Amino acid sequence: MDFENYSAIDLALDEGFKQWVQSPTPEATLFWTQFLQQHPHQEEAVLEARLLVEQLSVASEVASPERLELLWGRIQTELQTTVATKRNSTPDVMLLKSTWFMPIRRAAIWVGLLLGGGGLAYYHFGYAPTIQYETAYGETKTLTLPDGSVVTLNGHSKLTLQADWTGQPTRDVWLAGEAFFAVKKQKSNGGQPVKFRVLTPGMRIDVLGTRFNVNSRRRETVVALEEGQIQVWSESTAHQSTAKHPVALMQPGDVLSYSEASQHLVNQQANLTTLASWRDKRLIFNDTPIGEIVQALSDSYGIEVEYQRQGIANKRFSGSVQTDSVAVFFKKLEKIYGVTVLQTANRFIIR
Amino acid sequence: MNSSLTSTDTDLWNAFRQGDDGAYESIYREFSPVLYSYGYQLCRDSSQTEDCMHDLFVYLYQHRNTLNETNSIKYYLYRCLRRRISEKAQAASRWVSDEDPLTAEKFEPTTPPEIDFMQEQTACEVKQKLDYLLGKLPKRQREALHLLYFQELSYPEIAQIMGLEVKSVYNLTYNSLTSLRDHIRQSNLQFFDFALVVFFGLLLH
């Protein structure tokens, strides 16, 4: 191969080059390092090709587990309905051996959650019995609510809801921490849509059926809307009977934050992928102060950081942090900023 | 019958065709994530992708006795989904032009006009920018790049799925990558600035 005359495009399209970028082997790395030593004029082309391959390899819409779970539910429902119709019309139709779409199994899963859900509490809140789900630092949990909506709880978070939603005018959940919601539309007996409401300190989010992320920590709430439409009420308006208008109507792609201290709503827009990336066990940052990153790690994963180097918290970092191996992130800081990081269990000292 | 014990695609597929519901569920669990990503790149519409996947899986289940054999479930499903999405799009006559300006525009963030937010400019992610630029490419170019890099397929495999000669796939990907690179350069998106930071971070690491 005369790679020395290849353009960046040629390189990026080369099967061997692509494989080296996507899953490097020591041999391939050696080959390309030597190649660059012998042909330094190709450095720019190799770099550009590498970036193209790297970025294109991750550039795609990825379905969340909740989304695929909801779709699986839809498929099962459809098959169930078709089977029922067939049974009625042709009684001699072969009986299905399947068990996975039996309603009883669904009930079993639900009971399983209630009994063995770990960290699950059952107590009385006013007169209505409520259920509570809680996660430890670094733990995420995906839950199916009584209406079929799916919630993924991030670490160190708590979701509380009424045990029985039948006959309730609204479906209410209380959130402390962070969660991603995929809410199913629901209608009352009268055919009216039943609202789903998320309550956090200082804020209320009203939805019909949609997908969104809520982060409520340290008396500040950030809502990121992926799909559908939601209304946001601040505490000052939400609990007054006179209030008729929400403080904001959100459209897909909007990211809105509300802090109790400033009583101020800010529309940040369009880094929703970043905000909901915790579900894939990684956090994405783009030119973010290290102090903010550390805060996020301490909120959900219980990481403690002590700064013994002046100004390091204000330095910035771009890239992703694997939440199940945060030590790697601190290693990167060592390389980039020449600091030393000492680790004891969940505590990191930057000096 | 435990489908998790069956190792190859052929076995899993045959178990499903013979009525093993566990195999059916395994197929969904294993392939729905990549299938979704592929479908999305074809039509750039999440609910349309979901509808087509829904119809596809219902169809497979109902016709499992008469389905053909396959030694690669993935290609089988890709080809089926590709056909469904293109049929649906043709029916909705939205497939008319490859370069439908709406496709590119719908990724712009929107703010409801009636609310006076304090605008705060935040840096967009490279991934989203690239996604936006990919949306500007003709459908087949986008599809080829997606299969080559995201799905990590080889040229012969892509040829099989898209129903093209291998040589045409080379040409198609060459043109796609060239126009994408031009888009990146024109868009002045700091794509390379950000990526450089990450790249040098990795080098140092």
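Every chain is numbered from 1, with letters handed out A, B, ... down the list of sequences. Here the structure is a predicted model, which means the values were calculated and not measured.
Between A/L79 and B/F57, every side-chain heavy-atom pair lies at or beyond the 4.5 Å cut-off. Between A/L13 and B/Y174, the closest side-chain pair of non-hydrogen atoms falls below 4.5 Å. Looking at heavy atoms from C-beta onward, A/Q19 lies out of side-chain contact with B/E152 at the 4.5 angstrom threshold.
Neither the backbone nor the side chain of B/L35 comes within contact range of chain A; no heavy atoms are under 4.5 Å apart. With a 4.5 Å cut-off on non-hydrogen atoms, B/F150 touches chain A through its backbone and its side chain both. Neither the backbone nor the side chain of B/Y38 comes within less than 4.5 Å of any heavy atom of chain A. Both the backbone and the side chain of B/S154 come within less than 4.5 Å of a heavy atom in chain A. Looking at B/L153, only its backbone comes within 4.5 Å of chain A, counting heavy atoms on both sides.
Atom CD1 of residue A/I9 and atom CG of residue B/L177 lie 4.0 Å apart, to the nearest 0.5 angstrom. Here A/S57 contributes atom OG and B/H146 contributes atom NE2; the two are 11.0 Å apart, rounded to the nearest 0.5 Å.
Counting heavy-atom neighbours within 6.0 Å of A/E15 CD, excluding the residue itself, gives a total above 12. Within a 6.0 Å radius of CD in A/E43, other residues, nucleotides and ligands contribute 12 heavy atoms or fewer.
A/W72 and B/Y24 have their aromatic ring centers within a separation under 6.0 angstrom.
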- Task: Could you go through the salt bridge (Lys or Arg N to Asp or Glu O under 4.0 Å) check for A/R74 and B/D51 one step at a time?
- Result: CA-CA 10 Å; A/R74 259 177 74 197; B/D51 287 350; 3.0 Å; yes

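A donor-acceptor pair is defined here as one N or O able to donate and one able to accept, closer than 3.5 Å; no such pair exists between the side chain of B/E50 and the backbone of A/L71. Put simply, the side chain of B/Y28 gets close to the backbone of A/L68: a donor and an acceptor are under 3.5 Å apart. With hydrogens and angles ignored, the 3.5 Å screen pairs a side-chain donor or acceptor of B/Y149 with a backbone N or O of A/A12. Here the side chain of A/K18 pairs a donor or acceptor atom with the backbone of B/L148 at under 3.5 angstrom.
In terms of heavy-atom pairs under 4.5 Å with chain A, the best-connected choice from B/Q151, B/H54, B/M53 is B/H54.
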